[in-house]
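Numbering of ligands and ligand atoms starts at 1, following listing order.
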Amino acid sequence: MQRVMRRERPVIAIDGPAGAGKSTLAAHLARQFGFVNLETGAMYRALALKAMEQAVALDDEMALLELAARTQIVPEPRPEGNRVLLDGVDVSRRVRETDVTEAASQVSVHPKLRQWMVAQQQRIGAKGGVVMEGRDIGTVVFPDAEVKIFLDADPEVRGNRRYLQVGPGQRPQEAIIRDLKERDARDRNRADSPLRPAEDAVILDSTSKTLEQVLAAAEEIVRRYLEGCEPGAAGEISEESSASR
Ligand code: DC
């Protein structure tokens with residue numbers, strides 16, 4: 001008879017669209033509960049950067065897959081901020097720039113490339129004790145994650161937060177919101193692993209919440225799980241927040 005192996009420590013899956021605050025939330029939960037924080041978007045970004053540097057077309061799935069096979073991407077969680085190493089080089093800052101952000105969005109639509117990423121992410125998180133953040137963690141990478149949070153917010157609010165983060169004057173606010181909506185559409189409408197909440201995810205809508213409220217709500221969800229309770233039914237928190245809008 002096959003023995004089912006359980007992880008000793010949980011996987012906390014944080015999914016949601018760009019600019020919802022996933023990274024801040026994931027870092028906070030990892031710190032609070034002593035878990036490793038793994039940012040999967042940085043992996044897509046790093047490969048996109050290498051494709052740009054080596055002039056590999058972003059719509060050529062097979063070429064991207066070949067490129068991936070000779071690439072080492074190491075997401076490095078650190079308390080002072082996550083790093084990502086591309087073939088041993090720290091590209092953490094570079095991958096945040098606008099051109100790589102756009103390229104990563106295009107790279108991430110390819111199913112075979114996603115399989116390659118997912119296999120790595122599953123290996124990294126296999127033992128649990130991780131907060132893994134992305135778009136498909138609760139649906140594809142760890143559909144059996146012990147806690148799943150889908151962090152959402154209205155696009156205008158997310159765009160505005162991004163604008164303040166990038167630094168006023170760097171790029172017009174309208175351009176940031178427009179790009180964000182385009183990436184949203186690509187994430188939500190791609191054929192493979194589209195962005196959507198897992199059926200058993202708790203949906204946290206941060207549109208009308210302060211950062212502190214979001215962090216506290218998520219902390220409570222994880223704490224309830226760790227204390228042996230169910231993390232809550234999907235939609236529970238979103239209904240409460242949309243009612244208060
Ligand atoms: O979270 P982020 O903005 O750093 O992600 C960069 C890109 O990678 C974004 O366009 C969505 C994509 N992505 C994905 O498709 N699946 C993931 N698990 C993480 C990111």
Evaluate salt bridge (charged side-chain N to carboxylate O under 4.0 Å, His left out) for Glu102 paired with Arg186, printing each intermediate quantity in order.
CA-CA 11 Å; Glu102 174 56 28; Arg186 212 176 278 137; 3.2 Å; yes

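Taking the side chain to side chain contact (heavy atoms under 4.5 Å, CB included) definition, one finds that Gln165 meets it with Arg162, sequence neighbours left out.
Val100 shares a hydrophobic cluster with Met43, Tyr44, Leu47, Leu49, Met52, Val56, Leu58, Met62, Leu64, Leu65, Leu67, Ile73, Val84, Leu86, Val89, Val91, Val95, Val107, Leu113, Trp116, Met117; the chain of contacts runs through ILVMFWY side chains whose heavy atoms sit under 4.5 Å apart.
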Give a table of atom pairs where an N or O of ligand 1 lies under 3.5 Å from a protein N or O.
unit_1, atom_1, unit_2, atom_2, d
ligand 1, 1 (O), Arg135, NH1, 2.9
ligand 1, 1 (O), Arg135, NH2, 3.4
ligand 1, 3 (O), Arg45, NH2, 3.0
ligand 1, 3 (O), Arg135, NH2, 3.3
ligand 1, 4 (O), Arg45, NE, 2.7
ligand 1, 4 (O), Arg45, NH2, 3.4
ligand 1, 15 (O), Arg114, NH1, 2.7
ligand 1, 15 (O), Arg114, NH2, 3.4
ligand 1, 15 (O), Arg190, NH1, 3.0
ligand 1, 15 (O), Arg190, NH2, 3.2
ligand 1, 16 (N), Arg114, NH2, 3.1
ligand 1, 18 (N), Thr40, OG1, 3.0
ligand 1, 18 (N), Arg135, N, 3.2
ligand 1, 18 (N), Asp136, OD1, 2.8

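Counted within 6.0 Å of CD on Glu8, heavy atoms from surrounding residues, nucleotides or ligands total 12 or fewer; the atom is thus considered open.
Sorted by first and then second residue, the side chain to side chain donor-acceptor pair (under 3.5 Å) pairs involving residues 126-135 (not counting sequence neighbours) are Ser23-Glu133, Arg135-Asp187.
In this structure, Glu156 pairs ionically with Lys181, as a charged nitrogen and a carboxylate oxygen lie closer than 4.0 Å.
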